[in-house]
Number of protein chains: 2
Amino acid sequence: MVTMKQIAERTGVSVSTVSLVLNHRDEGRVKADIARKVRTTAQELGYQPNALARSLRTNKIPIIGFVSEEVATTPYAGGIIQGAQDAARELGYLLITVSGDDAATVEQEVLALKRYGIDAFIYSAMSNRVVTIPQCLADYPLVLADATDRDNRFPAIEPDEFRIGYDATTRLIEAGCANIAYVGCTTPGPIIAQRGRLEGYRAALDDHGREFNEALVCNVDGNEEALRAVEHLFAEQHPDGFFCFNDSRAWYVYECAARQGLIVGKDISVVGVDNHRVIAETFAPQLTTIALPHYEMGYWAADKLISIVEHRDIAPTPNPLMLAPIPPLDGEEPVKMHCVLIEKESVRPQ
Amino acid sequence: MVTMKQIAERTGVSVSTVSLVLNHRDEGRVKADIARKVRTTAQELGYQPNALARSLRTNKIPIIGFVSEEVATTPYAGGIIQGAQDAARELGYLLITVSGDDAATVEQEVLALKRYGIDAFIYSAMSNRVVTIPQCLADYPLVLADATDRDNRFPAIEPDEFRIGYDATTRLIEAGCANIAYVGCTTPGPIIAQRGRLEGYRAALDDHGREFNEALVCNVDGNEEALRAVEHLFAEQHPDGFFCFNDSRAWYVYECAARQGLIVGKDISVVGVDNHRVIAETFAPQLTTIALPHYEMGYWAADKLISIVEHRDIAPTPNPLMLAPIPPLDGEEPVKMHCVLIEKESVRPQ
DNA sequence: TTGAAAGCGCTAACAC
DNA sequence: GTGTTAGCGCTTTCAA
């Protein structure tokens, strides 16, 4: 390993000079040609700074922790993490991801991070849910991504569930559907998503002078029972438009449609939220999909967090997705949905 | 922050004693009651070792790097990462994941890791492919997970593609299917998986005295065209059993079956590889799925890597999955498939 | 404009 | 058994 000492010896200067130069603090403090000489020998020797030594000395480490309780079980985690990692890299940080099945494991991992001096975290639930922030994170700079704090104390980047429901439904109305069903979910996990999207659905109907019909809301869980429920929906209500909570629910609609000889995109219209990516791979372009802005949530969460730890004042988190129009029903591109930043008082470490 | 120095002062001993005790190197070197006193004051003060200082001094850091070029786009990455992280934690390591869209970004991230003294890596492709190991990793301890090295130099943990094909097909034969189709893929990416599974399919047919019929192999890519190809397969060959490369392909079979009024699990049998987890959520228990052992691949890759860096001789990677029986066609549990360890000469850093 | 020196928190060789 | 001491590679006064 090449050290500053070696560079100093080879150049015939002291380590402090080398440190100054290589940290770009030489302006008006080191003669220009000495600085140049230092830089070239550093280059020649292939010097790489020892980040451990620097962090030990400065007592700060440019790494942020990404904490989640369920990376393993969710297929859409990658986008959030990638976004956070990209933002981190652009700002000179590394991202280290930890997760565990239970709170205890998570805490153990967080503790390990803290031992390295990592003291800023992103907490993510991997599907917009109300979460309880682990105690071990509560006293540090923290930003939530795709999660809602039960106690409402931290900045959070979440999908705009209401607009998802509103825009999906509006799209179906514009496609000429007369009888629009919502195939939602019953499980308590995604309650925020479920409630917000359903509200959006109702609001869109309302704004277009349509009457809300309870019988067109079909909340299902999975498997046989779900399939039967959707079959029942087809039989009783004959919907010609479907807003589906996610891929699985879209599948039930497809299955029932196929059994009845109905063609999606012709006889009926379907708009679905694409969690698993299998929709885009398989159904498109028959299906208008709403891709959740996972990447963007991760990106802006990391950006926000780093702005906090650096005491940098930034403009409010941009929402570039706000501008993306919903493409026509036969478009091939998934729709990127709006993502909303909820600003809370940010918490500082003691 | 509580330091050893503070503990030493409070206990009335020297830092070296404290270090000895807290690192469990006090056996026969420090009097038992002194050791106890040190431990209790450490407890009282809530001492947490400074990992940076330790790593700087010892010149080793218990963190392994997990490198991949495409975390963002794959829904099944989580399992591999979670497995690797669990193994790492159990062995006292942290896992840090980096990825990027292109080789340059990956290299930049790897360089950042190296600056922290991280010098052991897992490289993963997130779907068993032939990969070229980035130059920046080639001289370090390295284990591949769900990837095959083009130059065959590193230990690798991969799914046993042949057995996937063989067992899936055998299961369909045992289910009484007379005419078994393979719905595979055309894209060059998963070429290893495609080839291995197809070979397994052929071998199983062969071993059961069935004749291989080219017309029953339907390699498709996606969307309309794929759907038409599968429809054609139904019309021309009337298969009663289907082995599907992945979720998307299984969906085409379901769609066509539904259009023809055929019930899966009654009129036809389907075995599919579950990449996206949406199958298990949605289709089960109608569909026998083969869950790729992502978690296990990650787990054993990390175990292997750590055994290399610690010069620990371990027994050959266990293959607990080998024992899992394929459940009956109506079983609800996905089948965990065998995962194979390919032993190569492991590479050591200079 | 440069260098000497202290020290971040820890480990480990060596005295006593 | 226990303490003293010398660093790991870097940043940062402070003196020259």
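The sequence lines fix the lettering, A, B, ..., with proteins before strands; numbering per chain opens at 1.
- In plain terms, the two heavy atoms of Asp119(A) and Pro141(A) that are nearest each other are O-CD, 3.1 Å.
- Not a single donor-acceptor pair under 3.5 Å links the side chain of Glu158(B) to the backbone N or O of Leu144(B).
- Here the P atom of nucleotide dC10(D) and the CZ atom of Arg25(A) are 16 Å apart, to the nearest Å.
- In this structure, the nucleotide among dT11(C), dT1(C), dT11(D) sitting nearest to the side chain of Thr58(B) is dT11(C).
- Asn59(A) places its CG atom 11 Å from the P atom of dT12(D), with the value rounded to the nearest Å.
- Here Ser19(A) lies in heavy-atom contact (under 4.0 Å) with a base.
- Inspection of the Thr17(B) and Ser14(B) side chains reveals an N or O donor paired with an N or O acceptor under 3.5 Å.
- Atom P of nucleotide dC10(D) and atom CD1 of Ile61(A) are separated by 15 Å, given to the nearest angstrom.
- Note: CD (Glu9(B)) to P (dG9(C)) measures 12 Å, nearest angstrom.
- Using a 4.0 Å cut-off on heavy atoms, the residues of residues 48-56 of chain B that approach DNA chain C are Pro49(B), Asn50(B), Ala53(B), Arg54(B), listed by number.
- Within 6.0 Å of atom CZ in Arg10(B), 12 or fewer heavy atoms from other residues, nucleotides or ligands are found, so the atom counts as exposed in its surroundings.
- Between Tyr116(B) and the phosphate of dG9(D), there is no side-chain N or O to OP1/OP2 separation shorter than 4.0 Å.
- Rounded to whole Å, atom P of dT2(C) lies 10 Å from atom NZ of Lys37(A).
- Rounded to whole Å, atom P of dA12(C) lies 10 Å from atom CZ of Arg29(B).
- The minimum heavy-atom distance linking Ala88(A) with Ala302(A) is given by the pair N-CB, 4.4 Å.
- Protein atom CD1 of Ile34(A) is 11 Å distant from nucleotide atom C1' of dG3(C), rounded to whole Å.
- A donor-acceptor contact shorter than 3.5 Å is absent between the side chain of Arg115(A) and the backbone of Gln48(B).
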Give every pair of a protein N or O atom and an N or O atom of nucleotides 3-6 of chain D that lie under 3.5 Å apart, one pair per line with the distance.
from, atom 1, to, atom 2, distance (Å)
dG3(D), OP2, Ser14(B), N, 3.0
dG3(D), OP2, Ser14(B), OG, 3.3
dG3(D), OP2, Thr17(B), OG1, 2.8
dT4(D), O4, Ser16(B), OG, 3.0

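- Salt bridge annotation for Asp33(A)-Arg36(A): absent, with no cationic side-chain nitrogen under 4.0 angstrom from a carboxylate oxygen.
- Under the 3.5 Å distance criterion, with hydrogens and angles disregarded, a donor-acceptor pair is assigned to the side chains of Thr41(A) and Thr11(A).
- For the residue pair Tyr295(B)/Asp86(B), the side-chain donor-acceptor check at 3.5 Å is satisfied.
- Listed candidates were dC10(C), dG9(D), dT2(D). Nearest to the side chain of Met1(A) is dG9(D).
- At a threshold of 4.0 angstrom between heavy atoms, the contacts of Asn23(B) are confined to the sugar-phosphate backbone, with no base atom among them.
- Protein atom NE2 of His24(A) is 16 Å distant from nucleotide atom C1' of dT11(D), rounded to whole Å.
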